Trainee: 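Below you will find the structure I want to go over with you.
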2 protein chains.
Amino acid sequence: MSPARARTSRAAIVAAARDLLEADGLEAVTMATVAARVGVKPPSLYKHVRDRAALLAALATDTTEELGRVLAQVDDSPAEPPEIRLRALAGAFRDFARRSPRASAMLFADLGPGVHAPVEAAGLAVRPVIEVTTALVGPTAALPAARVLTAFAYGFTSMESAGAFRLGGDVDEAFRLGISTLAEGLRAAGH
Amino acid sequence: MSPARARTSRAAIVAAARDLLEADGLEAVTMATVAARVGVKPPSLYKHVRDRAALLAALATDTTEELGRVLAQVDDSPAEPPEIRLRALAGAFRDFARRSPRASAMLFADLGPGVHAPVEAAGLAVRPVIEVTTALVGPTAALPAARVLTAFAYGFTSMESAGAFRLGGDVDEAFRLGISTLAEGLRAAGH
DNA sequence: ACCTGAACACCGTTCAAGT
DNA sequence: ACCTGAACACCGTTCAAGT
């Protein structure tokens, strides 16, 4: 008797995977390296995650949920003008992307069939953006405006952490330019 | 004597890799599947590419060069107003991304250490964008403006092909909104 | 000069057997 | 109920041997 007590957990496994991802890239996230990091043998992981694809999906979900908490905390003063709130959200997302660049690049990426954060987590993370665009352009135009802002911020930070800006110049300035232009332009368009 | 004549080529290998990538995703691009598709055994590939990472880099380069040709061909009438040229470039990029969604998502992505298209190919592909932003906002502000446009278009198409827009609504409209907003907003800001 | 078969280390995954 | 060792198919890569 005395069945084996859990020596690890799903949360610890996901955290280990995220650490390995940020440290050494996605190809370094193997069942063996993750298992070693949480102190078990590879087969034991299958008691906590279905397979590697499910582990990556859980990693994406974890990242999405953390981002959702960060953005919700940043956007806690709806009395501010929407442009100010938007700049704060964008800045927080960029900081998040710099803290977890590889996990952030996976937020909206194609990770194989059915491998992405569930709609609930994604919806929750994007909610602050939609709330701000609602204040900015009204409820009917809020979704496309949020998509535009998200696409820009995600594309920019993904390119940045991949080292895709290789022509010199001030990268910070370009990010601020994008957010400012979109904030003002969307407001002007969305009467 | 009569040393073995090449039964395949680097170009054929890259093309096979791209086909496999678009058909079944990056994890389906193995040395074995690529070799089978070009009609050789896996070890033969190493006479043409250093390793799998180099093959993926060559794939990214090939994609970047093709995009460069497409964009250069689209932007062949510098007499048009920059907003029109910009819309044409953006539309061509989106078409390209829909034709080769997985390869396009790799254009500016982190594919491992040193695995991305060389600066020359990337610079050539982005040249039409910089030329248009030069016409739009002047030479000093052209680079950040081009970065903003590229980040938006790349982020948007990557999200789109990954299936990240899951809240309904008109995705085409959102793309047009982004390009219009940026074209007008950047011009207004870049006197 | 390129191709192949054989070989190796590694990876994801399964499963019977332990506690 | 979770853990492990052993096993399997597969993958990237090397290399000696073919032509």
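Small disclaimer: the values here were computed from a predicted structure and weren't measured. Every chain is numbered from 1, with letters handed out A, B, ... down the list of sequences. The figures that follow rest on heavy atoms only: side chains count, while hydrogens, waters and symmetry mates do not.
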Trainee: Looking at R98(B) and E160(B), is there a salt bridge between them, counting it only when a charged N and a carboxylate O are closer than 4.0 Å?
Mentor: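 Yes, this pair counts.
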Trainee: Return the set of residues passing side-chain contact (heavy atoms from CB on, under 4.5 Å) with P43(A) (not counting sequence neighbours), or none when no residue passes.
Mentor: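 P43(A) satisfies side-chain contact (heavy atoms from CB on, under 4.5 Å) with K41(A) only.
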Trainee: Tell me yes or no: between the side chains of T61(A) and T64(A), is some donor less than 3.5 Å from an acceptor?
Mentor: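 Their side chains do not contain a donor-acceptor pair, so the 3.5 Å distance test is not met.
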Trainee: Let me know the distance between NE2 of H48(A) and P of dT13(C), rounded to the nearest Å.
Mentor: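 Answer to the nearest Å: 16 Å.
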Trainee: Give me the other members of the hydrophobic cluster that L111(B) sits in, counting Ile, Leu, Val, Met, Phe, Trp and Tyr linked by side-chain heavy atoms under 4.5 Å, directly or via other members.
Mentor: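 I13(B), V14(B), L20(B), L21(B), L26(B), V29(B), M31(B), V34(B), V38(B), V40(B), L45(B), Y46(B), V49(B), L55(B), L56(B), L59(B), M106(B), V115(B), all in the cluster of L111(B).
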Trainee: State whether E66(A) and R18(A) are salt-bridged, where the test is any N-O pair (Lys NZ or Arg NE/NH1/NH2 against Asp/Glu carboxylate O) under 4.0 Å.
Mentor: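 A salt bridge links E66(A) with R18(A).
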Trainee: Between the side chains of R94(B) and D172(B), is the shortest nitrogen-to-carboxylate-oxygen separation below 4.0 Å, so that they form an ion pair?
Mentor: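 The answer is yes: the pair qualifies as a salt bridge.
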Trainee: May I ask you to decide if A103(A)'s main-chain N or O and S100(A)'s side chain share a donor-acceptor pair within less than 3.5 Å?
Mentor: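 A pair under 3.5 Å: no.
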Trainee: May I ask you to check whether over 12 heavy atoms, not counting those of R87(A), lie within 6.0 Å of atom CZ?
Mentor: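 Yes, CZ of R87(A) has more than 12 neighbouring heavy atoms, counting only those of other groups under 6.0 Å.
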Trainee: With the criterion being N/O to N/O and under 3.5 Å, what pairs connect the protein with nucleotides 9-12 of chain D, and how long is each?
Mentor:
residue	atom	partner	partner atom	Å
dG12(D)	OP1	R52(B)	NE	3.2
dG12(D)	OP2	M31(B)	N	2.8

Trainee: Which of these passes side-chain contact (heavy atoms from CB on, under 4.5 Å) with F93(B): V70(B), I179(B), L107(B)?
Mentor: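 For F93(B), the side-chain contact (heavy atoms from CB on, under 4.5 Å) check succeeds only for L107(B).
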Trainee: With sequence neighbours excluded, give me every ring-ring contact (aromatic ring centres under 6.0 Å, His included) pair touching residues 133-174 of chain A.
Mentor: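 Listed by first then second residue: F108(A)-Y154(A), F152(A)-F156(A), F152(A)-F175(A), F156(A)-F165(A), F156(A)-F175(A).
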Trainee: Using Watson-Crick and G-U wobble pairs whose two distances are both under 3.5 Å, how do you write the pairing of DNA chain D as dot-bracket, with | for links to another strand?
Mentor: ||.|||||...|||||.||
Trainee: What does the list of N/O pairs under 3.5 Å between the protein and nucleotides 4-8 of chain C look like, with a distance for each?
Mentor:
residue	atom	partner	partner atom	Å
dT4(C)	OP2	K41(B)	N	2.8
dT4(C)	OP2	S44(B)	OG	3.0

